[in-house]
Amino acid sequence: MSMALKLAGRAQAEKPIRVGFIAAEGLEVIVEATGNPAAGIGHALACCRRQRHVVMVNVEADALAGPLLSRRAADAGVLYSLAYGDQPALIAELVDWTRVSGFEIVCAGKGTKYLPAYHCSTPETVWSHYGFTPAQLAEGDFNAKMFNSFLDGTKSAVEMAAVANATGLDAPEAGLAFPPGGVDDLPNILRPIADGGALERSGMVEVVSCVDRDGRAVSKDLRWGVFVTFKAPSEYVRRSFAEYGIRTDPSGWYGALYRPYHFVGLELGVSIASVALRGETTGAAHDFHADVAAVAKRDLAAGETLDGEGGYTVYGKLMPARASLARHALPIGLAHGWRLAKPVSAGETVRWEDCSVDESNPAVRVRREMELMFRPGLGLPNEGTSDSSLATPPPSQAKAR
């Protein structure tokens, strides 16, 4: 029977990466749940060196460097998997179902609570948006910055980047639109604009909001769930949708399947069992399709220090990977602790050259290597060089299980 170790807790970037646990005898699967992108990258690469499978609960690390980590795991003969119970893995499962069933995949994503004003939310304003009372806050263990990352759009962008990179779906050119809608609205809203919906085209990721733009709750919302919309590939299948009572758009061509809840860590055992016993992931990054860029929440002055996800300075915006690299966008997963060398206006993307980034930082080096790796496939010329020593251990260093 496989043994698994969970690396958890909100690890701080300045603390040593806990590779000693990974080297312990008898382990086959490591569950990385620190929530810290830099720590997650370091742990995943240490797993590759020690030939341990990785279940990556740390979706922040996956959005930052998942395509590279997945390749490094494959090179080491181990599996790198998204975590079942978190929404990206559940969405990837629905995408697999759609494709195996022979339907055209139109859109995949999740629900959340969103209003445009939330992009500017800070740890000081987050609780008023959630509606928590002082008594509730006093009784619970609430992390204002973490909850704010859920609210300001960062977490949705990070999770949709993970989905896009695992499924090959595209990120919207203008970022997530967060159209409001309930489960009965999915086939109508999440179809291409040309057919009356809100999507640029088929094959996209998107997130639906449980509230209308005026703040009123939508009927039968999907705040905690995941979905996929699809199109019938033939007239026969369209007729079958009607005969089987499937709710569709007015044309009958577009349908939806959804799951109303996700059970987070309560379902994590599915990933551990799948990896250890079946030799299968529950979703993994296969390519670099989408990225999450740091965007200024307000006018930022030169000399200010970025404070990362859910903070006071930036939020994460989903964009196509090609657009992100072409703009030199600073990934949200690295937008913490760097001092701005230039001012950045509210709503503008923070670029690498806007910050005093330490290029010797291990997470920065890994991310730079990944960018260099995928630029040609994205139709972009290579820029600079990359040191791959951190991500590619010599064969002599690999330790057999």
Side-chain angles (χ1 to χ4, degrees), residues 37-38 40-42 44-45 48 56 59-76 80 82 88 157-176 200-201 203-205 284-295 306 314 316-336 338 341-342 344 348-393:
I41 289 172
L45 295 176
C48 293
M56 185 59 83
V59 71
E60 293 81 6
D62 185 79
L64 180 60
L68 180 144
L69 297 177
S70 184
R71 292 194 180 193
R72 292 294 173 259
D75 291 344
Y80 171 91
L82 295 175
V158 165
E159 292 187 326
M160 290 305 99
V163 171
N165 293 336
T167 63
L169 297 177
D170 292 330
E173 294 291 337
L176 294 170
E200 298 172 20
R201 58 185 180 278
M204 311 291 291
V205 295
H286 297 296
D287 212 335
F288 189 29
H289 289 277
D291 200 12
V292 186
V295 173
L306 300 179
V314 292
K317 179 179 180 178
L318 184 71
M319 60 178 59
R322 187 182 191 282
S324 175
L325 297 193
R327 296 178 193 176
H328 296 191
L330 181 71
I332 189 66
L334 292 176
H336 186 279
W338 309 125
K342 303 175 183 178
V344 181
E348 293 298 315
T349 300
V350 181
R351 302 169 301 163
W352 286 93
E353 53 264 39
D354 295 328
C355 309
S356 300
V357 175
D358 178 6
E359 293 288 345
S360 68
N361 178 283
V364 171
R365 291 168 63 190
V366 169
R367 170 63 189 213
R368 289 295 206 184
E369 179 184 358
M370 189 182 83
E371 293 186 359
L372 190 65
M373 176 187 297
F374 286 98
R375 287 183 71 89
L378 294 170
L380 297 170
N382 277 329
E383 298 179 353
T385 59
S386 174
D387 183 346
S388 62
S389 61
L390 284 177
T392 313

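The basis for the numbers below is simple: all heavy atoms, side chains too, and nothing from hydrogens, waters or symmetry mates.
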Minimum heavy-atom distance between Leu318 and Pro172, given as atom pair plus value
CD2-CD, 4.0 Å
Please tell me if the side chains of Val314 and Leu330 come closer than 4.5 Å, counting only heavy atoms from C-beta onward.
no
Would you mind reporting whether Val357 and Leu334 have side-chain heavy atoms less than 4.5 Å apart?
no
How would you list, by chain and number, every residue that makes a side-chain hydrogen bond (donor to acceptor under 3.5 Å, both in side chains) with Asp170, sequence neighbours excluded?
Arg201
dist Glu371:CD -> Trp352:CH2 (nearest 0.5 Å) comes out at 5.5 Å
Can you find a heavy atom in the side chain of Leu325 that is under 4.5 Å from one in the side chain of Leu378?
yes
For a quick test of reading the model, state the closest non-hydrogen atom pair linking Ala171 to Val205 and the distance between them.
CA-CG2, 4.1 Å
Atom of Trp338, atom of Ser356 and distance for their closest heavy-atom approach
CE3-O, 3.6 Å
Grab the two heavy atoms, one from Pro67 and one from Ala285, that are nearest each other, plus how far apart they are.
N-CB, 3.6 Å
Would you say the side chain of Phe374 lies within less than 4.5 Å of the side chain of Leu380, judging by non-hydrogen atoms?
no
Hey, what do you get for CZ (Arg368) to CD (Glu359), rounding to the nearest 0.5 Å?
4.0 Å
Smallest heavy-atom separation, Ala162 atom then Pro88 atom, equals CB-CB, 4.2 Å
Between OG1 on residue Thr349 and CE on residue Met319, distance to nearest 0.5 Å
4.0 Å
Let me confirm one number: the CG-CD1 distance from Leu68 to Ile41, rounded to the nearest 0.5 Å.
8.5 Å
Short question: side chain of Thr167, backbone of Val163 - any donor-acceptor pair under 3.5 Å?
yes
Sorted by chain and residue number, the side-chain hydrogen bond (donor to acceptor under 3.5 Å, both in side chains) partners of Asp291 (sequence neighbours excluded) come out as Ser324, Arg367
Below 4.5 Å, heavy atoms only, C-beta onward: do His289 and Leu169 meet side chain to side chain?
no
Is the shortest heavy-atom distance from the side chain of Asp358 to the side chain of Val364 under 4.5 Å?
no
What are the two closest heavy atoms between Arg327 and Arg351, and how far apart are they?
O-CG, 3.4 Å
Residue pair Asp75 / Arg72, side-chain heavy-atom distance below 4.5 Å
yes
Applying side-chain hydrogen bond (donor to acceptor under 3.5 Å, both in side chains), name anything that partners His328, two or more places apart in sequence or on another chain.
Glu353, Glu383
